[in-house]
Amino acid sequence: MTSTKAGPDNASGDHEDILYPEAVPFVLFHLAAFAAIWTGITWQSLVICAALYVVRIFAIGAGYHRYFAHRAYSTSRTFQFILAFLSQSTAQKSVLWWAAKHRHHHQHSDTEQDVHSPRHRGFVYAHLGWIFSTRHRTTDLTKIADFARYPELMWLHKYELAPAVVLAVIAFLIGGWPGLVVGFVWSTVLVYHATFSINSLAHVHGRKRYVTGDDSRNNWLLALLTLGEGWHNNHHAYQSSVRQGFKWWEIDPTFYILKALSWCGVVWNLKTPPEAVLRNEQRLGTKIIERAAAELAASFPSERIATAVREALAHAHAPTLSDLQDTLAAAQNKTAELLAKAHIPALPTRDDIRARATSMFARTRSMEDIVDRAHRLVLEAVGKRLTTA
């Protein structure tokens with residue numbers, strides 16, 4: 001099998017080489033679930049399954065995600081290890097690998113560099129295919145250096161399946177073969193797909209309260225299944241918040257449990273969103289404005305607009321198409337300004353772009369900034385088409 005030359009987090013490259021040996025355990029887990037036909041299903045095994053699902057989906061939200069990936073709260077070194085152990089009992093690789101990939105996801109969310117974007121790689125790849133790609137096999141420890149300095153976490157990183165094996169043995173000792181298959185295996189498969197759905201479904205289905213420059217959405221059903229992780233658009237709007245259900249009716253059990261643990265002194269320094277974010281009155285960062293503007297500009301087909309401009313000028317007396325092309329060629333970096341002053345009917349106006357933005361995006365104080373940038377991008381793209389005709 002050929003190897004990819006792209007780095008572990010580099011989305012460039014023309015081919016996706018699937019690392020089949022690492023896909024085998026994942027497939028075997030799903031096949032092992034059918035062993036319940038022979039082991040039988042007991043009430044005890046179903047209780048084990050439900051308990052392990054709830055405990056481990058909490059560990060993923062509170063551990064892998066809100067603590068290790070985003071440092072949304074503080075805790076002791078002992079509880080930090082407990083969180084890491086419980087998180088890795090889900091057999092979703094080490095906390096260092098998981099958090100490093102997630103930090104990379106937020107840095108490049110729904111761009112071509114994102115490790116799992118339905119927009120660029122399709123739903124199935126975003127849901128689980130990316131995990132088995134050779135380019136995502138290694139861990140960029142520089143992205144997670146704040147936790148890679150702990151020897152115990154590096155040990156878990158080296159022996160990433162040890163917690164899952166320990167938990168599997170415990171499930172077997174308590175419930176026998178049904179406890180292992182139904183209790184451990186079934187809950188592991190359920191936890192897999194509940195977690196993966198945040199990467200896939202929560203970027204496809206749901207509602208956007210905030211402009212985040214990506215496709216993240218709030219999905220109440222996913223929030224129920226993942227103990228609060230489904231309020232994904234909220235999370236992308238303020239990533240360091242320990243609370244992801246921003247409204248009182250947005251159920252977030254992971255936050256409730258962490259809040260209770262804070263009363264006991266187990267965790268502390270719980271970060272929450274500023275009032276401006278809760279009221280959706282915050283100014284957006286430059287990167288988010290750029291991404292939103294690029295998405296808005298892309299909704300205006302530059303080639304079609306350029307064609308309409310050529311046709312309009314072909315029947316006009318002045319300026320002629322030739323005159324406009326000469327002017328644009330000499331304008332260099334002032335293409336957008338010249339086209340804006342030309343008052344050519346075929347060109348979308350700023351009002352046209354604002355109307356499109358209002359239909360595409362949630363309310364934001366930075367809407368005019370997005371519109372201004374998108375208007376410039378549209379005019380530059382059309383100008384480039386005209387000068388290269």
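Please read all numbers here as calculations on a predicted model, not as lab measurements.
- Residues Arg350 and Asp372 are paired through a salt bridge, judged by an N-O separation under 4.0 Å between the basic side chain and the carboxylate.
- Side-chain contact of His232 with Asn219: a donor-acceptor pair under 3.5 Å is absent, judged by distance alone.
- At distances below 3.5 Å, not a single donor-acceptor pair connects side-chain atoms of Lys143 with backbone N or O atoms of His102.
- Side-chain atoms of Asn218 never come within 3.5 Å of backbone atoms of Lys208 as a donor-acceptor pair (strictly under, hydrogens ignored).
- Under the 4.5 Å side-chain heavy-atom criterion for Ile, Leu, Val, Met, Phe, Trp and Tyr, Val371 and Tyr210 are members of distinct hydrophobic clusters.
- Counting heavy atoms from C-beta on, the side chains of Tyr238 and Phe246 come closer than 4.5 Å.
- A distance of 12.0 Å separates CG in Leu227 from CG in Leu222, rounded to the nearest 0.5 Å.
- Side-chain contact of Asp114 with Thr111: a donor-acceptor pair under 3.5 Å is absent, judged by distance alone.
- The CD atom of Glu152 sits 8.5 Å away from atom OG1 of Thr78, with the distance rounded to the nearest 0.5 Å.
- The closest donor-acceptor contact from the side chain of Trp186 to the backbone of Ser45 lies at 3.5 Å or more, if one exists at all.
- With hydrogens and angles disregarded, no donor-acceptor distance shorter than 3.5 Å links the side chain of Ser241 to the backbone of Gln244.
- The structure places OG of Ser94 at 6.0 Å from CD of Glu160, a figure rounded to the nearest 0.5 Å.
- In terms of modelled atom types and a separation under 3.5 Å, the side chain of Thr75 and the main chain of Val266 share a donor-acceptor contact.
- We find the CD-CG distance between Gln88 and Leu96 to be 7.5 Å, quoted to the nearest 0.5 Å.
- Below 30°, between 30° and 60°, or above 60°: for Phe29 and Phe184 the angle between ring planes is between 30° and 60°, a tilted geometry.
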Report task. Under the ring pair (Phe, Tyr, Trp, His ring centres under 6.0 Å) rule, what do His203 and His105 come out as? Steps first, then yes or no, please. Result -> CA-CA 12 Å; His203 279 252; His105 159 67; 5.5 Å; yes
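- Pairing each heavy atom of Thr139 with each of Ala100, the nearest pair is CG2-CB, 4.1 Å.
- Look at Arg71 and Asp146 and you find a salt bridge, because one of the NZ, NE, NH1 or NH2 atoms lies within 4.0 Å of a carboxylate O, short of that distance.
- The side-chain tip of Lys93 points at the ring of Trp97 from less than 6.0 angstrom away and within 45° of straight on.
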Report task. Check the pair His116, His136 against ring pair (Phe, Tyr, Trp, His ring centres under 6.0 Å), reporting the backbone distance first and the verdict last. Result -> CA-CA 10 Å; His116 45 66; His136 302 308; 8.4 Å; no
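- Ion pairing between a basic and an acidic side chain is recognised when a charged N comes within 4.0 Å of a carboxylate O; Asp215 and Arg119 show such pairing.
- Ion pairing between Arg103 and Asp140 fails under the 4.0 Å rule for side-chain N and carboxylate O.
- The aromatic rings of Tyr73 and Tyr67 lie tilted to each other, with the angle between the two planes from 30° to 60°.
- Using modelled atom types, no side-chain atom of Asp252 and backbone atom of Arg243 make a donor-acceptor pair closer than 3.5 Å.
- Here the side chains of Arg66 and Gln239 are not in contact, with every heavy-atom distance at 4.5 Å or above.
- The shortest heavy-atom contact between Pro163 and Ser89 is CB-N, 3.7 Å.
- Taking the six-membered ring for Trp and thresholds of 30 and 60 degrees, His70 and His106 have ring planes more than 60 degrees apart, a perpendicular arrangement.
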Query raised in the report: For Leu270 and Ser262, what are the C-alpha separation, side-chain angles and deciding distance, and is it a side chain to side chain contact (heavy atoms under 4.5 Å, CB included)?
Result: CA-CA 8 Å; Leu270 275 63; Ser262 72; 3.9 Å; yes
Query raised in the report: Between His193 and His127, does a ring pair (Phe, Tyr, Trp, His ring centres under 6.0 Å) hold up when you go through it step by step?
Result: CA-CA 8 Å; His193 292 287; His127 189 72; 5.3 Å; yes
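- Looking at heavy atoms from C-beta onward, Phe81 lies in side-chain contact with Leu156 at the 4.5 angstrom threshold.
- Put simply, the side chain of Leu86 does not reach to within 4.5 Å of the side chain of Arg56, judged on heavy atoms.
- There is no path of hydrophobic side-chain contacts, each under 4.5 Å, that joins Leu161 to Ile170.
- Between Tyr64 and Thr90 there is a side-chain heavy-atom pair separated by less than 4.5 Å.
- Put simply, Phe58 and Tyr256 are part of the same group of oily side chains (I, L, V, M, F, W, Y) that touch within less than 4.5 Å, one to the next.
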Query - Val204 and Arg217: CA distance, side-chain angles, deciding distance, side chain to side chain contact (heavy atoms under 4.5 Å, CB included) verdict - result: CA-CA 7 Å; Val204 176; Arg217 287 165 164 77; 5.8 Å; no
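- Between Trp231 and His235, the gap from one ring centroid to the other reaches at least 6.0 Å.
- You'll find the side chain of Tyr192 reaches within 4.5 Å of the side chain of His30, heavy atoms only.
- The backbone N or O of Val115 lies less than 3.5 Å from no partner atom in the side chain of His108, so there is not a single donor-acceptor pair.
- Using a cutoff of 4.0 Å between basic side-chain nitrogens and carboxylate oxygens, Glu250 and Arg209 are scored as salt-bridged.
- With respect to Arg354, the side chain to side chain donor-acceptor pair (under 3.5 Å) criterion is satisfied by exactly one of Asp351, Thr358, Asp352: Asp351.
- Under the 4.5 Å side-chain criterion, counting only non-hydrogen atoms from C-beta, Phe68 is in contact with Leu83.
- In this structure, CD1 on Ile288 lies 8.0 Å from CG on Asp214, to the nearest 0.5 angstrom.
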**Report entry** Worked verdict on Gln92 versus Phe196 for side chain to side chain contact (heavy atoms under 4.5 Å, CB included)
**Finding:** CA-CA 10 Å; Gln92 291 187 27; Phe196 301 163; 4.2 Å; yes
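- The local environment of CD1 in Ile251 is sparse, with at most 12 non-hydrogen atoms from other residues, nucleotides or ligands closer than 6.0 Å.
- The aromatic rings of Tyr150 and Phe147 sit tilted, their planes meeting at an angle between 30° and 60°.
- Ion pairing of Arg279 with Glu275 is present here, as a side-chain N (NZ or NE/NH1/NH2) and a carboxylate O approach within less than 4.0 Å.
- Of the possible donor and acceptor atoms, one in the side chain of Thr364 sits under 3.5 Å from a partner among the backbone N and O of Ser366.
- In this structure, the side chain of Arg376 does not engage the main chain of Arg373 through any donor-acceptor pair within 3.5 Å.
- Shown here is Tyr159, whose OH atom has no more than 12 heavy atoms of other residues, nucleotides or ligands within 6.0 Å.
- Residues Val27 and Val181 do not share a hydrophobic cluster, clusters being chains of Ile/Leu/Val/Met/Phe/Trp/Tyr side chains in contact below 4.5 Å.
- Within 6.0 Å of the CZ atom in Arg365, the count of heavy atoms belonging to other residues, nucleotides or ligands exceeds 12.
- In the hydrophobic clustering of this structure, Val182 does not group with Ile48; members are Ile, Leu, Val, Met, Phe, Trp, Tyr whose side-chain heavy atoms approach within less than 4.5 Å, directly or through other members.
- To the nearest 0.5 Å, atom CD of residue Gln44 and atom SG of residue Cys49 are 13.0 Å apart.
- Here the side chains of Arg283 and Asp369 are in contact, with some heavy-atom distance below 4.5 Å.
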Requested in this report: Please test Leu377 against Leu296 for side chain to side chain contact (heavy atoms under 4.5 Å, CB included), starting from the C-alpha separation and ending with a verdict.
Outcome: CA-CA 9 Å; Leu377 289 174; Leu296 177 57; over 6 Å; no
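- Heavy-atom neighbours of Trp248 CH2 from other residues, nucleotides or ligands within 6.0 Å: at or below the threshold of 12.
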